[in-house]
Novice: 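Have a look at this one before I ask anything.
Just so you know, residue 1 is the first one in the sequence shown, and it goes up from there.
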Amino acid sequence: RHQGKKYNKHGKGTSGRGCIPNRIDIDQRPSIVEEKTRLGDWELDTIIGAGHKGVIVSMVERTSKLTKLVKVSHKTAEEVGRAIIDQLSPIKAFVHTLTADNGKEFAFHQMVSFELSADFYFATPYHSWERGLNEHTNGLVRQYFPKSQSFTDTSLEDVQRVETLLNNRPRKALSFETPLEAFDRLSSVMI
């Protein structure tokens, strides 16, 4: 009946679609990340278009709330990893840690970690609040790209426009500074 497939034994660590190799748990992340006092701690996620057509990779910096968005055609680990590196390389000096969920699209985390000289951590499964800022930002992105919309017709310019709008939107949590202003102010202090 199961065509030779074994049942998933819960708690085995190898169940489902397999595990991400050399995964470092969020418990091992430095406590300074939780304080949101330094620039360079990023949360990562992917936003999927309707019918699994197109993917937007979202990256949010925890202190300044600066958002980076990039559209990729497929949710493969290689494509998502390359998109993260391409987006964050120009500001590599302000990338210390990256925290993602346990999606297989982050399986190339070691390559990303090496290229950006940053530590990569994974949130506890089903604990979305551990990356709450990123989840909130994805909600803001969804105001422009609803769940019913596939990303096949969404251009890179459309995604760039939404990123610009979010980064120039005053935030109460930043004393009504925009994420761009906060990032510029904090990065000039660090240099």
Side-chain angles (χ1 to χ4, degrees), residues 24 26-27 29-49 55-72 80-81 83-103 105-106 109 112-113 115-124 127-147 149 151 154 156-191:
I24 302 171
I26 196 168
D27 294 344
R29 193 171 69 172
S31 57
I32 192 170
V33 178
E34 216 48 53
E35 295 166 18
K36 294 186 182 181
T37 53
R38 74 169 180 184
L39 199 60
D41 300 308
W42 294 79
E43 295 179 7
L44 313 172
D45 203 4
T46 49
I47 304 167
I48 314 295
V55 179
I56 294 174
V57 182
S58 72
M59 299 151 259
V60 189
E61 201 284 318
R62 287 173 60 94
T63 306
S64 66
K65 318 235 182 304
L66 186 78
T67 303
K68 294 277 187 186
L69 300 173
V70 62
K71 182 188 169 201
V72 293
V80 169
I84 294 167
I85 292 165
D86 291 346
Q87 286 294 304
L88 297 181
S89 285
I91 52 170
K92 186 177 173 178
F94 306 109
V95 181
H96 302 304
T97 66
L98 303 155
T99 306
D101 61 15
N102 290 275
E105 66 271 25
F106 298 113
H109 63 97
V112 174
S113 184
E115 292 280 336
L116 296 173
S117 305
D119 297 322
F120 205 113
Y121 300 95
F122 288 90
T124 312
H127 286 209
S128 57
W129 59 88
E130 291 177 344
R131 296 172 9 276
L133 174 63
N134 194 223
E135 295 293 342
H136 173 71
T137 304
N138 288 354
L140 297 177
V141 172
R142 284 288 188 197
Q143 291 178 349
Y144 302 95
F145 303 121
K147 282 192 172 187
Q149 181 181 334
F151 297 145
T154 306
L156 296 172
E157 290 75 29
D158 293 336
V159 175
Q160 203 63 51
R161 183 181 60 83
V162 171
E163 180 185 307
T164 304
L165 286 169
L166 292 178
N167 286 331
N168 288 292
R169 175 183 182 152
R171 303 284 185 97
K172 186 178 179 181
L174 298 171
S175 303
F176 297 99
E177 234 182 348
T178 69
L180 216 47
E181 291 167 343
F183 188 84
D184 288 344
R185 176 177 52 80
L186 292 165
S187 60
S188 64
V189 170
M190 284 177 69
I191 293 174

Novice: Does any N or O in the side chain of Thr63 come within less than 3.5 Å of the main-chain N or O of Arg38, such that one atom is a donor and the other an acceptor?
Specialist: yes
Novice: Can you name the closest pair of heavy atoms from Ser187 and Leu39 and give their distance?
Specialist: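 Nearest pair, atom of Ser187 first, then Leu39: N-CD2, 3.6 Å.
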Novice: Say whether, by atom type as modelled, one donor and one acceptor occur between the side chain of Glu61 and the main chain of Gly40 under 3.5 angstrom.
Specialist: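 Pair found, side chain donor or acceptor close to backbone of Gly40.
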Novice: Can you see which heavy atom on Leu166 is nearest to which on Tyr144, and at what distance?
Specialist: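 Closest pair (atom of Leu166, atom of Tyr144, distance): CD2-CE1, 4.2 Å.
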Novice: Looking at Thr46 and Ile56, would you say the former's side chain and the latter's main chain have a donor-acceptor pair under 3.5 Å?
Specialist: no
Novice: Which residues satisfy the side chain to side chain contact (heavy atoms under 4.5 Å, CB included) test with Asp158, sequence neighbours excluded?
Specialist: Phe145, Thr154, Ser155
Novice: Locate the shortest heavy-atom distance separating Thr99 from Arg29; write the atom from each residue and the value.
Specialist: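 Scanning both residues, the minimum pair turns out to be OG1-NH1, 2.8 Å.
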Novice: Just by modelled atom types, is the Pro179 backbone N or O under 3.5 Å from a matching donor or acceptor in the Arg171 side chain?
Specialist: no
Novice: Going by the side-chain hydrogen bond (donor to acceptor under 3.5 Å, both in side chains) test, name the single residue among Arg185, Lys172, Lys65 that passes it with Glu177.
Specialist: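 Considering Arg185, Lys172, Lys65, a side-chain hydrogen bond (donor to acceptor under 3.5 Å, both in side chains) with Glu177 is found only for Arg185.
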Novice: Looking at Glu115 and Lys92, does any basic side-chain N land under 4.0 Å from a carboxylate oxygen?
Specialist: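 Answer for the salt bridge query: no.
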Novice: Taking all non-hydrogen atoms of both residues into account, name the closest pair between Phe94 and Trp42 and its distance.
Specialist: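 That would be O-NE1, 3.0 Å.
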Novice: Work out which heavy atom in Arg142 is nearest to a heavy atom in Phe151; give both atom names and the distance.
Specialist: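 Minimum heavy-atom separation between Arg142 and Phe151: NH1-CZ, 4.0 Å.
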Novice: Taking the six-membered ring for Trp, are Phe120 and His109 parallel (under 30°), tilted (30 to 60°) or perpendicular (over 60°)?
Specialist: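 Aromatic pair Phe120/His109 classed tilted.
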Novice: For Thr67 and Val162, what are the C-alpha separation, side-chain angles and deciding distance, and is it a side chain to side chain contact (heavy atoms under 4.5 Å, CB included)?
Specialist: CA-CA 10 Å; Thr67 303; Val162 171; over 6 Å; no
Novice: Salt bridge or not between Arg131 and Glu135? Use side-chain N to carboxylate O under 4.0 Å.
Specialist: yes
Novice: Side chain of Asn102, backbone of Ala123: donor and acceptor closer than 3.5 Å?
Specialist: yes
Novice: Give a yes or no on whether the backbone of Thr97 and the side-chain of Asp119 come within a donor-acceptor separation of less than 3.5 Å.
Specialist: no
Novice: Between Leu44 and Met59, which heavy-atom pair has the shortest distance, and what is it?
Specialist: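 Shortest heavy-atom contact: CD2-CG, 3.3 Å.
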Novice: Thinking salt bridges, do Lys71 and Glu163 make one under a 4.0 Å N-O criterion?
Specialist: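 Glu163 and Lys71: not salt-bridged.
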Novice: Has the side chain of Asn134 got a donor or acceptor atom that lies under 3.5 Å from a matching backbone atom of Asp45?
Specialist: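 Between the backbone of Asp45 and the side chain of Asn134 there is a qualifying donor-acceptor contact (under 3.5 Å).
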Novice: Under the side-chain hydrogen bond (donor to acceptor under 3.5 Å, both in side chains) criterion, do Glu130 and Thr124 qualify, and how do the steps go?
Specialist: CA-CA 8 Å; Glu130 291 177 344; Thr124 312; 3.1 Å; yes
Novice: Apply side chain to side chain contact (heavy atoms under 4.5 Å, CB included) to Thr178 and list each qualifying residue two or more places apart in sequence or on a separate chain.
Specialist: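 Only Pro170, Leu180, Glu181 meet the side chain to side chain contact (heavy atoms under 4.5 Å, CB included) criterion with Thr178.
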